[in-house]
Amino acid sequence: QVQLAESGGGLVQAGGSLRLSCAASGRTFSSYAMGWFRQAPGKERDFVAAISWSGASTYYADSVKGRFTISRDNAKNTVYLQMNSLKPEDTAVYYCAADLWGLGSYTVGKYDYWGQGTQVTVSS
């Protein structure tokens, strides 16, 4: 079992920055990959970024590449998503997720546990 809790969402103006955190508990954090996804109203949940268990490999959606950075601190059981140059189209609920068996995937179905999400709203 893995429990995940996101924090750090909020309201920010376009061009601003936010850092999301996801605290994990349960299974040994350094043994599994993590991902961030987002879901806007009326839309599917989309991949944002993923990171391998060691942090050596990271993956990004094209829409956030160069603006967002995923990282992890295995000593703190926490994964982060630094979001810079935010745009109104980044507005969504952001979810972290645990991939217990892979290296980090683009696919929602590959993840085993999910947090409850944190709202990010970017005003124009």
Side-chain angles (χ1 to χ4, degrees):
Q1 284 276 355
V2 174
Q3 294 78 42
L4 303 171
E6 303 95 338
S7 61
L11 174 63
V12 64
Q13 288 189 332
S17 298
L18 282 175
R19 187 176 82 154
L20 306 184
S21 299
C22 173
S25 61
R27 187 165 170 161
T28 303
F29 182 67
S30 59
S31 69
Y32 53 87
M34 293 292 296
W36 284 98
F37 288 74
R38 65 188 182 186
Q39 188 167 19
K43 295 190 176 181
E44 294 185 348
R45 192 168 296 189
D46 291 331
F47 172 77
V48 175
I51 188 167
S52 61
W53 63 270
S54 67
S57 298
T58 55
Y59 314 91
Y60 295 94
D62 288 344
S63 59
V64 307
K65 208 170 288 184
R67 299 188 299 122
F68 290 11
T69 302
I70 188 171
S71 62
R72 66 190 296 159
D73 185 338
N74 286 345
K76 295 183 177 180
N77 291 353
T78 302
V79 64
Y80 304 97
L81 185 68
Q82 177 67 45
M83 306 186 294
N84 298 329
S85 302
L86 283 160
K87 304 175 181 180
E89 51 263 44
D90 295 318
T91 295
V93 177
Y94 283 71
Y95 298 89
C96 65
D99 175 4
L100 300 188
W101 308 108
L103 296 177
S105 172
Y106 296 83
T107 307
V108 168
K110 294 289 188 180
Y111 288 81
D112 305 283
Y113 295 94
W114 293 82
Q116 293 190 329
T118 186
Q119 176 71 46
V120 172
T121 303
V122 184
S123 64
S124 57

To the nearest 0.5 Å, what is the distance between [atom1] on [X] and [atom2] on [Y]?
{"X": "W53", "Y": "S30", "atom1": "CH2", "atom2": "OG", "answer": "7.0 Å"}
{"X": "Y106", "Y": "F47", "atom1": "OH", "atom2": "CZ", "answer": "5.5 Å"}
{"X": "D112", "Y": "L100", "atom1": "CG", "atom2": "CG", "answer": "4.0 Å"}
{"X": "S52", "Y": "Y59", "atom1": "OG", "atom2": "OH", "answer": "6.0 Å"}

| task | Assess R27 against W101: is NZ or CZ under 6.0 Å from the centre of the six-membered ring, and within 45 degrees of the ring's axis? | result |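 Here R27 passes the 6.0 Å and 45° test against W101.
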| Is there any side chain to side chain donor-acceptor pair (under 3.5 Å) pair reaching into residues 5-22, and which pairs are they, with sequence neighbours excluded? |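 Applying side chain to side chain donor-acceptor pair (under 3.5 Å) to every pair that reaches into residues 5-22, excluding sequence neighbours, yields S17-N84.
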For residues [X] and [Y], report the shortest heavy-atom separation together with the two atoms involved.
{"X": "A92", "Y": "R38", "result": "CB-CB, 3.8 Å"}
{"X": "K87", "Y": "V122", "result": "O-CB, 3.3 Å"}
{"X": "L81", "Y": "A49", "result": "CD1-CB, 4.2 Å"}

| said: Taking salt bridge (Lys or Arg N to Asp or Glu O under 4.0 Å) as the cut-off, I'd like each qualifying pair that reaches into residues 43-67, sequence neighbours left out, listed once. | reply: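 Listed by first then second residue: D62-K65, R67-D90.
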| Do the ring planes of F37 and Y111 sit parallel (below 30°), tilted (30 to 60°) or perpendicular (above 60°)? |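 Aromatic pair F37/Y111 classed perpendicular.
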| Are the aromatic rings of F68 and W36 close, with centres under 6.0 Å apart? |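 Centroid distance F68-W36: not below 6.0 Å, so no.
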